[in-house]
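Note sheet for the following structure.
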Amino acid sequence: MKFSTKLTLLYFSIALIFLSSVSYFVHMSEKSMVEEQVKNSMETQAYHTIDKIDRMLFEKYTDIKQLASDPVIASQDSTPQAITQRLNHYLNHDKTYVSLSFFNMDRVRIADTSGKDIGQQHPLNEYWPKVETGGAFTAEIYESSSLKGYVYCVATVVKNENGKPVGVVTSEISMNAIYDIVNNVSGLASKDKVSATKVDLVDKNGLVLYSNHNKGNILKTISDDWEFVSKLIIAGDKTGSIRHLHKSGDEEILAFSVERGYQDFTGNGWAVIVDVPAKIAFGPFVKLRDKKILSFVIMSFFALAAIYIFARTVSKPIIRLSSAAREVGTGNLDVKVDVSSHDEIGKMTESFNKMVDDLRRYRDKSEVYARELEKKNVKLEQWSQRLAIVNHENQIFSKLSDLLQACNTVSEACEVIAHAASRLFQFESGGIYVFNSSRDIIESISTWGNTQSSEKVFTKDDCWALRRGRSHTVTNSEDVPRCGHVIESIVAYICVPMTAHGETLGMCHLMLGAPAADADLMKENERLALKLSENAALAIANLKLRETLSNLSTRDPLTGLYNRRYMQEYLERENQRSLRKKTPIGIIMIDVDHFKRFNDTYGHEAGDCVLRELGIFLKHNIRDCDVACRYGGEEFTLILPEATLDITVGRATMLCDGFKHVKINIGSQTLSAITLSVGVAVSPIHGTNPQHLLKAADEALYQAKHEGRDRVVTAQTSQD
């Protein structure tokens, strides 16, 4: 494709895209404005229509109230003929009335302007119960077979001068008066639009009261547009509009307005719905759009011709430059293009000639630059590899930090640290060592790789790093003492103490597995080991602090047993599990006999000694799954999950008998045998609620004391 053709297409495409975009946005803006105008017009028409209906109904409402208060109608002395004459007077006054009737409170027709059904009882319509209870006003719409049309029936109670209901007056109004108002929904645009306009008058439930397009469904079906209108009404809109897709598949614009009442007439909740097909509403707008498109096509044709002529003028010097550029591309740097103008293209030609001259000068220098660049690329690759290693380490330490924050125990944290170390030192092995509780032994908590070259348990004096309080690195090339816990004498290794908050918690040991020859690699391993030990030490210190705080909150400081709060929480959880699995729970309540007298005789220090010994005794004589707690004072509670009554009683008896043989020394004096009173309760025999179980066991304990102490008593069931 020629350059002139490309240039023509480029300019034409730019112009076409720009004009098309502007035309599109203008079109959409105009369409939005037209749609808003149509909606506003339809909303206004719907509002005025429903307002006219409200005003007409208000007049009927006022008439029926006036009729009910008429002295002739309200008087009990009026004859049916007088009442009929009065009704005819009102009927002649307003031609919209079809008939007026008067009924007594037994629904018997006393008078009627039509003269029909006199003396007959009126059927029980929906509004009669309201009228009989003294309702002031009520109305309904129904199809009258005698009138062969729909009527709007209004009824109100008639009261005498004492305010007592004496009858009901009703008026039947032809719905044609309302239909005439609805049919006047017009003036939206042209006659075509009016003929296509669909108007529905619906009640508060969407039932069609009138329709200009579906008259056969009056008082039978719900309006097709009610599903859209009801959502807006529920949202609080009294008047509104929406553009929607009808179930027929055609797009329509819908507007509605709901009755607001008039003065003291609150209305019936009716609504007028006006519906116009979108293609009719936007008909003039579409015609205008088609004219714009035709004008746009004609203008585009002339623009294309003008752009082509301009492109031909511009492309000739560019073609010469293109030919010269091809020569330069083949390696010929002796090309020179004549400058035929002083415009931008002429300046570009001068720049091209200068560029060729510069290329000749820089061609020789490029080889030198290429060699230098190659050297820099080698260094850059080395830096990139180093950066990748550092990034990998940072990712490992970042993940290690996140995992350590989620750990709950020291052993769990050590496993996480060992896993991170195995990724940092992929070709080395090692382990994490921490002090035991007495701080005289170092134990291996977690390892990675081959750890056969180091002891699992050793003392502080066996490690030079722990002695010196800093890292200790050993290679075959250095004359330094080797740690006693390292078994093999040929391996190089690094020991780094783990210190946090001024306390040495343990040691991180890294074994290189062979004599270290690379000093840089050794320094790198030592740096990583130091960083790993810092993270590990801080995490272990925090976990130990957390464990200490947890023990302080859940353990009794004197006996080392769980405290009462932990016992209640554990019993609640175990009770829920017991109910799910339908397994029993044994409760043993223990009290030291004559403990107050013992304290008074030997002193409180001796009493504390007895409680400590009892705590140790209970720890050693219960299952691993059982929980021993200090309930308070000298009372203790045992929780035995899944223990039956026989097992619980047997365990209680063993504890009661066994503690009598425990020797307790206070100084040089051995105390006499100490007895226990024990109460036993088991769920669900003695209750399924934790409080009930504890109360049952406690009552059994007091019964044991009452019966003479030094015994086991089982709680009584409800049958006992």
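This chain uses plain numbering: 1 for the first residue, then up along the sequence.
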Taking Asn205 for the side chain and Leu207 for the main chain, is one N or O donor matched with an acceptor at less than 3.5 Å?
-> no
Does Asp200 have any side chain to side chain donor-acceptor pair (under 3.5 Å) partners at least two apart in sequence or in another chain, and if so, which?
-> Ser211, His213, Ser223
Between CG on residue Asp180 and NZ on residue Lys52, distance to nearest 0.5 Å = 11.5 Å
Taking every non-hydrogen atom, the tightest pair across Ala74 and Ala68 = CB-O, 4.1 Å
Residue pairs involving residues 156-181 (criterion ring-ring contact (aromatic ring centres under 6.0 Å, His included); sequence neighbours excluded) = Tyr179-Tyr210
Report, as yes or no, whether the 6.0 Å neighbourhood of atom OH on Tyr570 holds more than 12 heavy atoms from other residues, nucleotides or ligands.
-> yes
Shortest non-hydrogen separation from Leu87 to Leu100 and the atoms involved = O-CD1, 3.1 Å
Side-chain touch Leu694/Met567, heavy atoms, less than 4.5 angstrom | yes
Looking only at atom types and distance, does a side-chain atom of Asn575 sit under 3.5 Å from a main-chain N or O of Leu571, one as donor and one as acceptor?
-> no
Sequence neighbours left out, what passes side-chain contact (heavy atoms from CB on, under 4.5 Å) with Asn160? Give chain and number order.
-> Gln76, Asn162, Lys164, Val166
Does a donor on one side chain and an acceptor on the other come within less than 3.5 Å for Ser99 and Lys116?
-> no
Side-chain contact, heavy-atom cut-off 4.5 Å: Ile253 with Lys39?
-> yes
Say whether Ser578 and Arg573, considering side chains only, have a donor N or O and an acceptor N or O under 3.5 Å apart.
-> no
Applying side-chain contact (heavy atoms from CB on, under 4.5 Å), run through Val258 and Ile233 and close with a yes or a no.
-> CA-CA 8 Å; Val258 182; Ile233 294 176; 3.7 Å; yes
For Val154, which of Ile173, Asp63, Leu57 qualifies under side-chain contact (heavy atoms from CB on, under 4.5 Å)?
-> Ile173
With sequence neighbours excluded, residues passing side chain to side chain donor-acceptor pair (under 3.5 Å) with Tyr631 | Arg564
Do we get Lys238 above Phe256's six-membered ring, with its NZ or CZ under 6.0 Å from the centre and within 45° of the axis?
-> no
Does Asp51 use its side chain to pair, donor to acceptor, with the backbone of Tyr47 at less than 3.5 Å?
-> no
With Glu574 as partner, the option from Ile585, Val627, Thr583 fulfilling side-chain contact (heavy atoms from CB on, under 4.5 Å) is Ile585
Arg577 bridged to Glu642 by N-O distance under 4.0 Å = yes
side-chain contact (heavy atoms from CB on, under 4.5 Å) between Ile685 and Leu645, worked out | CA-CA 9 Å; Ile685 300 174; Leu645 180 61; 4.3 Å; yes
Can you see which heavy atom on Asn563 is nearest to which on Cys629, and at what distance?
-> O-CB, 4.1 Å
Ser69 side-chain N/O to Gln66 backbone N/O, donor-acceptor pair under 3.5 Å = yes
With side chains defined as the heavy atoms from C-beta onward, is the minimum distance between Pro165 and Met105 less than 4.5 Å?
-> yes
Tightest non-hydrogen contact, residues Ile83 and Ala111, listed as CG2-CB, 3.8 Å
Using 30° and 60° as the class limits, which term best fits the ring planes of His89 and His93: parallel, tilted or perpendicular?
-> parallel
Is there a side-chain contact between Val229 and Leu254, using heavy atoms and a 4.5 Å cut-off?
-> yes
Is there side-chain contact between Ile588 and Leu640, with at least one heavy-atom pair below 4.5 Å?
-> yes
Can you name the closest pair of heavy atoms from Gly687 and Leu693 and give their distance?
-> O-CD2, 3.5 Å
Salt bridge present between Arg260 and Asp54 (N-O < 4.0 angstrom) = no
Donor-acceptor contact below 3.5 Å, side chain Thr44 vs main chain Asn40 | yes
Check Thr49 against Val182 and note the closest heavy-atom contact, atom names and distance.
-> CG2-CA, 4.0 Å
Is it true that a side-chain atom of Asp70 and a backbone atom of Val72 form a donor plus acceptor pair closer than 3.5 Å?
-> yes
Do Thr239 and Glu43 meet the criterion of a side-chain donor-acceptor pair at a distance under 3.5 Å?
-> no
Between His706 (side chain) and Tyr702 (backbone), is there a donor-acceptor pair under 3.5 Å?
-> no
Under the side-chain contact (heavy atoms from CB on, under 4.5 Å) criterion, do Lys231 and Ile242 qualify, and how do the steps go?
-> CA-CA 11 Å; Lys231 296 178 182 178; Ile242 185 175; over 6 Å; no
Within the side chain of Asp275, is there an N or O that forms a donor-acceptor pair under 3.5 Å with the backbone of Ala255?
-> no
Does some side-chain heavy atom of Tyr150 sit less than 4.5 Å from a side-chain heavy atom of Ile218?
-> yes
Can you tell if the side chain of Met56 reaches within under 4.5 Å of the side chain of Ile181, non-hydrogen atoms only?
-> yes
Before accepting this row, confirm whether a basic side-chain N of the pair Arg109/Asp112 lies closer than 4.0 Å to the acidic partner's carboxylate O.
-> yes
For Thr96 and Lys60, run side-chain hydrogen bond (donor to acceptor under 3.5 Å, both in side chains): C-alpha distance rounded to whole Å, both residues' side-chain angles, the deciding distance at 0.1 Å, then the answer.
-> CA-CA 10 Å; Thr96 58; Lys60 306 309 173 189; 2.6 Å; yes
Residues two or more places apart in sequence or in another chain: which of them pass side chain to side chain donor-acceptor pair (under 3.5 Å) with Thr648?
-> none
Under a 4.5 Å cut-off applied to non-hydrogen side-chain atoms, are Leu219 and Leu209 in contact?
-> yes
Run the numbers on Val168 and Thr170 for side-chain contact (heavy atoms from CB on, under 4.5 Å), then give the verdict.
-> CA-CA 7 Å; Val168 174; Thr170 65; 4.0 Å; yes
More than 12 heavy atoms from other groups under 6.0 Å of CD on Gln85 | no
What residues form a side chain to side chain donor-acceptor pair (under 3.5 Å) with Glu259, not counting sequence neighbours?
-> none
May I ask you to say whether Arg243 pairs ionically with Glu252, meaning some side-chain N is under 4.0 Å from a carboxylate O?
-> no
Is the gap between the ring centers of Tyr152 and Trp270 under 6.0 Å?
-> yes
